[in-house]
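As the structure lists them, so they are numbered: ligands from 1, and atoms in each ligand from 1. As the structure is a prediction and not an experimental result, all values here were calculated from the model.
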Amino acid sequence: VKSVEASIPEPQREAWKKHQVEGFTDKDGFEKEVVRHVETTLARSLFNCDEGAAYSATSLAFRDRLITEWNRTQQRQTTADTKRVYYLSLEFLMGRALDNAMLNVGLKDVARGGIDDLGFRIEDIIEQEHDAALGNGGLGRLAACFLDSLASLNYPAWGYGLRYRYGIFKQEIINGYQVEVPDYWLDFNPWEFPRHDVTVDIQFYGNVRKSQDENGKTVAHWEGGEIVTAVAYDMPIPGYATPSTNNLRLWSSKASSGEFDFQKFNNGDYESSVADQQRAETISAVLYPNDNLDRGKELRLKQQYFWVAASLYDIVRRFKKSKRAWREFPDQVAIQLNDTHPTLAVVELQRILVDIEGLEWDEAWNIVTSTFGYTNHTVLPEALEKWPVGLMQHLLPRHLQIIYDINLFFLQTVEKKFPNDREMLTSVSIIEESQPKMVRMAYLAIVGSHKVNGVAELHSDLIQTTIFKDFVKIFGADKFTNVTNGITPRRWLHQANPRLSELIASKTGGHEFLKDLTQLNKLELSIDDDAFRKEWAEIKYANKVRLTKYIKKTLDVTVNPAALFDVQVKRIHEYKRQQLNIFGVIHRYLALKAMSPEERKKQLPRVSIFGGKAAPGYWMAKQIIHLINNVGAVVNKDPDIGDLLKVIYLEDYNVSKAEMIVPASDLSEHISTAGTEASGTSNMKFVLNGGLIIGTCDGANIEITREIGQENIFLFGTLSEDVEDLRHAHTYGSHTVDSDLNKVFDTIQSGTFGEPNDFGAMVAAVRDHGDFYLVSDDFQSYIDTQKMVDTEYRNQDEWVRKCIRSVARMGFFSSDRCINEYAEGIWNVEPLVVK
Ligand code: BZD
């Protein structure tokens with residue numbers, strides 16, 4: 001790496017160097033920064049500093065530290081001039097930043113001491129922060145874990161996303177129903193840097209004019225329409241135990257300050273120019289709250305193009321500074337598409353190269369396909385993105401032409417390889433010949449990328465044999481690959497479960513495992529150490545006590561921390577089968593009710609904990625939430641039941657709540673219908689925190705089983721290869737529901753948990769409408785497996801051993817491993833070593 005200093009002109013170098021900011025390194029320095037921020041940045045008197053102000057000042061002190069490292073990292077990367085990775089994601093579910101920053105920079109203990117001196121507790125200060133919740137669920141959190149790994153491994157990488165004014169809604173449970181409240185999170189956000197000088201004008205609508213240039217070549221001009229300006233906001237992403245600090249750039253929309261406005265303004269049309277302003281701002285106003293459902297809203301397409309066009313402009317601008325030839329673009333730039341949401345980037349880059357830079361189509365297309373990689377996160381047909389051709393024509397007329405050309409050339413190569421195969425052509429065409437015609441974004445992403453990956457082995461196999469099988473025939477199997485998801489052990493172990501992290505460090509030779517998670521395997525050497533196992537169990541118990549207090553405080557329900565904590569927290573979706581869980585809970589309740597008091601005394605106490613949001617328009621998911629709450633209302637106050645069963649619905653599940661809930665679980669549920677959950681990542685978080693899993697043979701559960709051993713996981717249910725036949729049988733054969741499940745249904749319909757027939761549709765979905773998610777098929781094996789859980793939990797010594805063995809074998813599921821696989825197999829980038 002060339003010296004960064006060399007970029008400063010000689011005569012000024014000394015002055016700059018002399019005053020270079022060196023961030024604080026000790027308690028005194030930290031306190032000084034906090035006090036300065038309270039007094040000047042926040043303009044508060046020291047005698048009027050509450051926890052909120054202390055949080056703000058602490059964050060500003062750390063932000064200042066991050067930004068100096070951020071500047072140096074960017075300088076280093078520019079000087080080194082090596083290939084960069086750009087991760088395009090419409091969602092980054094970051095959660096809180098302060099605790100993470102303190103730990104990654106290695107100054108949490110310093111801060112703890114300083115905050116203590118100033119009269120506060122660090123835990124209370126951390127709790128002040130509002131989550132950055134710019135995502136729905138797994139896909140958004142995966143992007144956040146990837147940013148942590150990219151920085152921690154010193155990869156030159158940028159994240160690009162949208163700066164939503166409203167993140168995912170806040171969930172309130174009122175009378176058992178979900179109510180959505182807007183999440184306005186920007187009131188005070190010390191972690192972002194507005195870059196009012198980094199703006200891009202983005203065009204929409206208008207029309208295309210074609211002309212001939214001096215060589216007789218046809219040139220397209222996209223003209224007219226309207227312009228919206230994108231403004232960059234940067235968030236520093238600190239790596240763990242490294243100075244590397246990467247950038248997450250989020251775009252915010254505002255009205256362009258072009259002539260258009262001034263004209264209206266000068267004509268005295270002030271109100272309408274303000275209305276234009278507001279219309280422009282709506283583009284980045286709100287995160288769409290649907291996960292795994294495509295709704296086809298025009299504003300969503302506008303968001304996608306706005307973000308993609310601004311990001312590409314930025315990337316191309318950076319590349320052009322290097323003065324290289326265009327063919328070197330893929331040697332300098334790798335762009336990863338997080339699902340199909342950024343697929344327009346393929347079209348936009350082709351447009352820039354052909355229409356603006358004047359490259360020939362084929363040369364441009366080569367560059368484009370060498371640049372992009374596409375990650376698929378679902379096989380659910382209702383989640384695969386499609387846009388009406390008419391809408392595309394209206395909003396992005398030139399892009400639609402380019403899509404047609406991409407499709408034409410692609411279909412010509414298909415025709416050559418599979419002559420006279422009309423069926424093949426219709427099946428792989430980027431344009432679906434439906435009424436109305438649709439653009440299939442996944443197909444466009446495949447054709448426009450050099451690699452396509454799924455997110456767990458089963459999922460990657462499934463996409464290659466089902467939804468994308470014809471593309472495997474066309475492009476060959478090499479284009480398709482698997483990168484099994486991972487999670488960052490920094491947030492999901494060290495930050496969420498500090499005592500466990502310390503215990504592990506004491507047994508594995510320090511905190512090295514946080515950089516190389518495979519080192520966890522050393523834990524198995526200590527498995528016969530009684531004191532170690534005792535401390536392990538104590539830590540789990542303390543984490544459960546913390547959650548117990550939280551439940552008491554928020555729901556006023558008393559639960560017994562010695563009970564088995566059984567947790568299912570994730571977005572509510574029929575395919576994830578929270579309904580199977582609650583039907584199982586009702587079955588348990590009926591069984592307890594039918595017992596004599598003596599028999600009951602022998603039962604193992606259990607707390608069933610649920611959490612998760614339903615998309616606001618997903619009626620069935622909202623019914624599931626309602627049923628869980630109603631069951632809780634009955635069971636929790638039933639004197640026959642007491643401690644033996646409690647049913648808890650935790651409101652507003654989000655990243656920071658996950659950090660409390662995950663370490664407190666004994667058993668977590670990952671029970672999707674086989675073949676529907678692409679990977680799952682919370683399964684990894686729970687096991688890493690010393691909890692066991694009950695799950696189906698789906699997604700990453702399969703690889704977790706392979707790693708930790710099948711004796712350490714409770715698997716049940718139908719296998720993915722049998723799902724189709726069972727569905728067929730439900731519809732065309734006779735579908736019977738077993739008697740235990742029927743009893744559950746009868747109880748629901750008798751009005752035990754609310755109005756009779758309140759949950760008629762949930763019952764009917766299984767009993768009368770083909771049971772698409774195979775709840776009835778898996779119910780008995782689910783109940784039997786839960787019985788095994790009860791039995792095994794009674795043997796606490798063996799249970800703790802299973803937990804320790806599982807944690808010891810979880811090394812594979814670090815997002816560091818995952819990022820290294822992307823870097824080598826897809827991006828062809830290397831870390832930039834910091835001296
Ligand atoms: O992505 C999830 C999958 O369902 C999980 O199985 C997988 O582990 C993670 C990470 O790969 N998908 C989502 O979370 N999807 C969305 O949230 C989403 C959001 C908008 C539009 C479509 C899907």
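Heavy-atom distances between E91 and ligand 1 reach below 4.0 Å in at least one pair. Under a 4.0 Å heavy-atom criterion, T378 is not in contact with ligand 1.
Only the side chain of H341 comes within 4.0 Å of ligand 1, counting heavy atoms alone; its backbone N, CA, C and O stay farther away.
Residues that satisfy the ring pair (Phe, Tyr, Trp, His ring centres under 6.0 Å) test with W307, not counting sequence neighbours, are absent from this structure.
Aromatic ring centroids of F475 and F480 lie 6.0 Å or more apart. F146 has its ring centre less than 6.0 Å from the ring centre of Y87.
Between N292, L287, T375, I168, it is N292 that holds the heavy atom closest to atom 18 (C) of ligand 1. The closest non-hydrogen atom to atom 7 (C) of ligand 1, taken over P289, A143, G680, comes from G680.
For a threshold of 3.5 Å applied to N or O pairs, the pair formed by V455 and ligand 1 contains no separation below that value. Checked against a 3.5 angstrom limit, the closest N/O atoms of S679 and ligand 1 fall inside it. Not one N or O of K576 is nearer than 3.5 Å to an N or O of ligand 1, by distance alone.
At the top of the distance list for atom 10 (C) of ligand 1, counting protein heavy atoms only, stands N485 OD1, 3.3 Å. Atom 20 (C) of ligand 1 has its closest protein heavy atom at N290 O, 3.3 Å. Residue, atom and distance of the protein heavy atom nearest to atom 17 (O) of ligand 1 are D291 CB, 3.5 Å. Among all protein heavy atoms, the one lying closest to atom 4 (O) of ligand 1 is E677 OE1, 3.0 Å. For atom 13 (C) of ligand 1, the closest heavy atom belonging to the protein is L139 CB, 3.4 Å.
Close contacts between ligand 1 and A678 involve ligand atoms 6 (O) [criterion: under 4.0 Å to a heavy atom]. Every atom of ligand 1 is numbered from 1 in the order shown, and the set under 4.0 Å from a heavy atom of Y575 is 4 (O).
K437 NZ: 12 or fewer foreign heavy atoms inside a 6.0 Å radius.
E180 pairs with exactly one of K622, K170, K613 by the salt bridge (Lys or Arg N to Asp or Glu O under 4.0 Å) rule, that one being K622.
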When you look at Y782 and F583, which way does the ring-ring contact (aromatic ring centres under 6.0 Å, His included) test go after all the steps?
CA-CA 10 Å; Y782 176 64; F583 294 158; over 10 Å; no
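Between atom NZ of residue K685 and atom CZ of residue R491 there is a gap of 9.5 Å, rounded to the nearest 0.5 Å.
Relative orientation of the Y160 and Y86 rings is tilted, given thresholds of 30° and 60° on the angle between their planes.
Taking the ring axis of Y288 as reference, the NZ or CZ atom of R295 does not stay both within 45° of it and closer than 6.0 Å to the ring centre.
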For residues 821-829, tabulate all N or O donor-acceptor pairs below 3.5 Å that involve a side-chain atom, not counting sequence neighbours.
{"residue": "E821", "atom": "OE2", "partner": "R817", "partner atom": "NH1", "Å": "3.4"}
{"residue": "Y822", "atom": "OH", "partner": "N453", "partner atom": "ND2", "Å": "3.0"}
{"residue": "W827", "atom": "NE1", "partner": "Q336", "partner atom": "OE1", "Å": "2.8"}

